[in-house]
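Input: a single structure, listed below in structure tokens.
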Amino acid sequence: MTKRIILHIDMDCFFAQIEERENPQFKGKPIVVGADPKEGKGRGVVSTASYSARKYGIHSALPISKAYQLCPKAIFLPVNMELYQKVSEEIMAIVKKYSPTFEQVSLDEAYLDLSFLWQAIKGKRPLTIYGQGEELAKKLKKEILEKEKLTCTIGIGPNKLIAKMTSKKAKPNGLLVIKPDQVREFLEPLDIDDLPGIGPKTAEKLRGIGINKIEELKNLSKTKLRDIFGVVGVRISPTIYERARGIDETPVTPEVIIKSIGRQITFEKDTRDSEIIFENFEQMIKEVHQELIENKFLFKTITVICRFQDFETHTKSKTLYTSFPKARVGLGPNFSQKFGHRALKEPTGNFEILKSEAKKLLLKFLVENPKLIRLIGVRVKIC
DNA sequence: AAGTTCTTATTAC
DNA sequence: CTAACGGTAATAAGAACTT
């Protein structure tokens, strides 16, 4: 179980590539999938940019208004999620065939555990294990290209962390294999923000103390890391300390359990118009509830999100049922007498409760704060 | 003191 | 000139509150 070989597959600029496939007249042109730019006035962001659009500095998460400035003549397309979903399902069906241990991470990303290769051929093997992994990856790339007319990038390594970083390095349309004995030389020259889990904030902190490369990050002791990040970075698994060394024992696991469901929207213009606010809000609540029903989920906590004109964002939440605190468990047979006055509400799927409680929370924001509102959202925690 | 709830921060796709 | 900055979800941490 210790020796593993993990494959990470990542479709190249997935949404943009699908649009290019569906519209051959766009081939090679800068394609930007995302919010409506509205002649530079749009408020959304870029979802995916094709590689020719990236030459203009356009990338995922860039404000669409900025993207429009950078290349107004680019082809701006709305997100056609149903289409991408369908293509994703077809692709994942192909990927799955290559290993029984499969984990889909997002619409366009998945891991395969290829460790079965170790036991496949014991004595006489034509290739090393990693060589066999590479052959599988080539086949997989070929099958997806032939059947779906789409390119992807595959990374192979001894764990998920390395596989993921490897595919990132190799894209687009790439294939890169990093064997255990190559991990060190692969990792050390990379920038700290190439490490999954190190985002803009953490990277900035590290640069502040003169750490820019993973090699330098390795010089920090566990205690030093704790000083910088508090307990974070020490407790998260794999920790930053381990990641910097390419260590990651997290398994490839098929199913991810949904823990919350939510909706949020940014208004076209900041507003205080309660018509607009509550109409949208009720719609979102309906959608959340619908999703609860479809999955036969019950919820226990409702959180409402509100972002004001100045981007200040706050949340308010309400837990609708009182769980049974463990502290009470050891209290002997009297506990129900002692605490019985406090009704234990059950988790619920009730729409009216969701609606009224969520509205109460939103109303608090409106009462407390006179600023124009940019975004509202609602989320429920599943139990 | 310990468990739960509420809020914020950060990350990722 | 600066700002521009979506939607969905997970996770961690610490403050505030309850018991």
Side-chain angles (χ1 to χ4, degrees), chain A residues 10-11 13-15 33-38 40-48 57-70 78-79 81 84 88 104-110 164 168 193 195-205 226 229-237 239-240 243 256-268 284 287-288 291 300-307 309-331 335 338-342 344 361 364-365 374-382:
Chain A
D10 197 338
M11 301 303 297
C13 57
F14 191 46
F15 298 174
V33 180
D36 186 344
K38 295 181 177 164
K41 303 259 177 257
R43 313 184 79 173
V45 297
V46 173
S47 196
T48 315
I58 300 173
H59 56 83
S60 294
L62 186 75
I64 200 78
S65 52
K66 182 70 185 169
Y68 189 80
Q69 281 179 26
L70 290 170
V79 176
M81 202 53 90
Y84 313 148
S88 172
Q104 185 173 348
V105 183
S106 66
L107 277 189
D108 79 317
E109 251 181 77
K164 183 169 177 64
K168 189 170 187 180
D193 47 12
L195 252 202
I198 296 190
K201 302 286 181 179
T202 309
E204 205 38 60
K205 276 188 201 172
R226 183 166 25 230
F229 304 108
V231 200
V232 192
V234 175
R235 198 178 288 172
I236 309 173
S237 176
T239 64
I240 300 238
R243 278 182 231 221
V256 184
I257 302 137
I258 296 171
K259 293 172 183 157
S260 71
I261 292 174
R263 289 287 183 279
Q264 63 174 63
I265 58 143
T266 296
F267 298 120
E268 309 244 325
M284 292 191 295
E287 288 175 21
V288 168
E291 217 174 309
K300 65 170 182 180
T301 303
I302 301 169
T303 302
V304 170
I305 307 114
C306 189
R307 174 172 294 158
Q309 189 170 36
D310 56 6
F311 235 76
E312 201 176 284
T313 308
H314 295 281
T315 66
K316 287 187 191 296
S317 73
K318 166 122 184 158
T319 297
L320 289 176
Y321 93 106
T322 314
S323 58
F324 201 75
K326 280 173 194 158
R328 292 187 203 163
V329 172
L331 294 181
F335 72 85
K338 279 184 163 169
F339 301 105
H341 62 279
R342 198 170 196 276
L344 299 177
L361 293 171
K364 280 195 205 170
F365 278 121
R374 181 184 181 95
L375 167 154
I376 55 171
V378 61
R379 175 161 295 276
V380 291
K381 187 162 292 176
I382 310 304

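Quick note on labels: first sequence line is chain A, next is B, and so on, each numbered from 1.
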Between [options], spot the one nearest the side chain of [X], thanks.
X      : options              : answer
A:I258 : C:dA10, C:dA3, C:dG6 : C:dA10
A:V45  : C:dG6, C:dA4, C:dA10 : C:dG6
A:I265 : B:dC6, C:dC5, C:dG7  : C:dG7

Base, sugar-phosphate, or nothing for [X], non-hydrogen atoms under 4.0 angstrom?
X      : answer
A:I261 : sugar-phosphate
A:K259 : sugar-phosphate
A:I257 : sugar-phosphate

Whole-Å distance between [N] [atom2] and [X] [atom1]?
X      : N     : atom1 : atom2 : value
A:K381 : B:dT4 : NZ    : P     : 13 Å
A:R379 : C:dG6 : CZ    : C1'   : 13 Å
A:Q264 : C:dA9 : CD    : C1'   : 10 Å
A:H59  : C:dC5 : NE2   : P     : 14 Å
A:R307 : C:dT8 : CZ    : P     : 12 Å
A:R263 : C:dA9 : CZ    : C1'   : 12 Å
A:M284 : C:dG7 : CE    : P     : 9 Å
A:Q309 : C:dC5 : CD    : P     : 12 Å

| message | Can you tell me which residue among A:T303, A:L361, A:I302 is in a side chain to side chain contact (heavy atoms under 4.5 Å, CB included) with A:K316? | response |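 Going through the options one by one, the only one that passes is A:L361.
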| request: Report the C-alpha separation of A:E204 and A:T202 in whole Å, then their side-chain angles, then the decisive distance to 0.1 Å, and conclude whether the side-chain contact (heavy atoms from CB on, under 4.5 Å) test is met. | output: CA-CA 5 Å; A:E204 205 38 60; A:T202 309; over 6 Å; no
| query | Can you tell me if the side-chain N/O atoms of A:S260 get under 4.0 Å from OP1 or OP2 in C:dA10? | reply |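 Yes, within the criterion.
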| Under 4.0 Å between a side-chain N/O of A:S47 and OP1 or OP2 of C:dG6, yes or no? |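 No, A:S47 has no side-chain N/O under 4.0 Å of OP1/OP2 on C:dG6.
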| query | Does any donor atom in the side chain of A:S60 or A:T48 lie under 3.5 Å from an acceptor atom in the other side chain? | reply |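 The answer is no; no qualifying pair exists.
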| query | Do A:R379 and A:S260 have a side chain donor and acceptor closer than 3.5 Å? | reply |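 Result is yes, a qualifying pair exists.
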| request: Mind running side-chain contact (heavy atoms from CB on, under 4.5 Å) on A:V378 and A:I305 for me, showing each step along the way? | output: CA-CA 6 Å; A:V378 61; A:I305 307 114; over 6 Å; no
| said: I want to confirm an ordering. Mapping A:Q69 and A:V46 to their closest nucleotides on DNA chain C, which one lands closer to the 5' end? | reply: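 Whichever sits nearer the 5' end wins; that is A:Q69.
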| query | When you match A:R374 and A:E291 each to their closest nucleotide on DNA chain C, which lands nearer the 5' end? | reply |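 Comparing both residues, the 5'-ward one is A:R374.
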| field | Atom pair CG (A:D10) and OG (A:S106), whose distance is rounded to the nearest 0.5 Å | value |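 Here the rounded value is 7.0 Å.
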| message | Would A:E287 and A:M284 count as a side-chain contact (heavy atoms from CB on, under 4.5 Å) here? Give the steps. | response | CA-CA 5 Å; A:E287 288 175 21; A:M284 292 191 295; 5.5 Å; no
| remark: Protein heavy-atom contacts under 4.0 Å, written 5' to 3' over nucleotides 7-13 of chain B as B (base), S (sugar-phosphate only) or - (none), form the string SB-SSSS
| task | Answer yes or no: is there an ion pair linking A:E312 with A:R374, defined by an N-O contact shorter than 4.0 Å? | result |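 Salt bridge between A:E312 and A:R374, a charged N being under 4.0 Å from a carboxylate O: no.
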| C:dC5 and B:dT10: how far apart are their C1' atoms, nearest whole angstrom? |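 My reading of the C1' atoms in C:dC5 and B:dT10 gives 16 Å.
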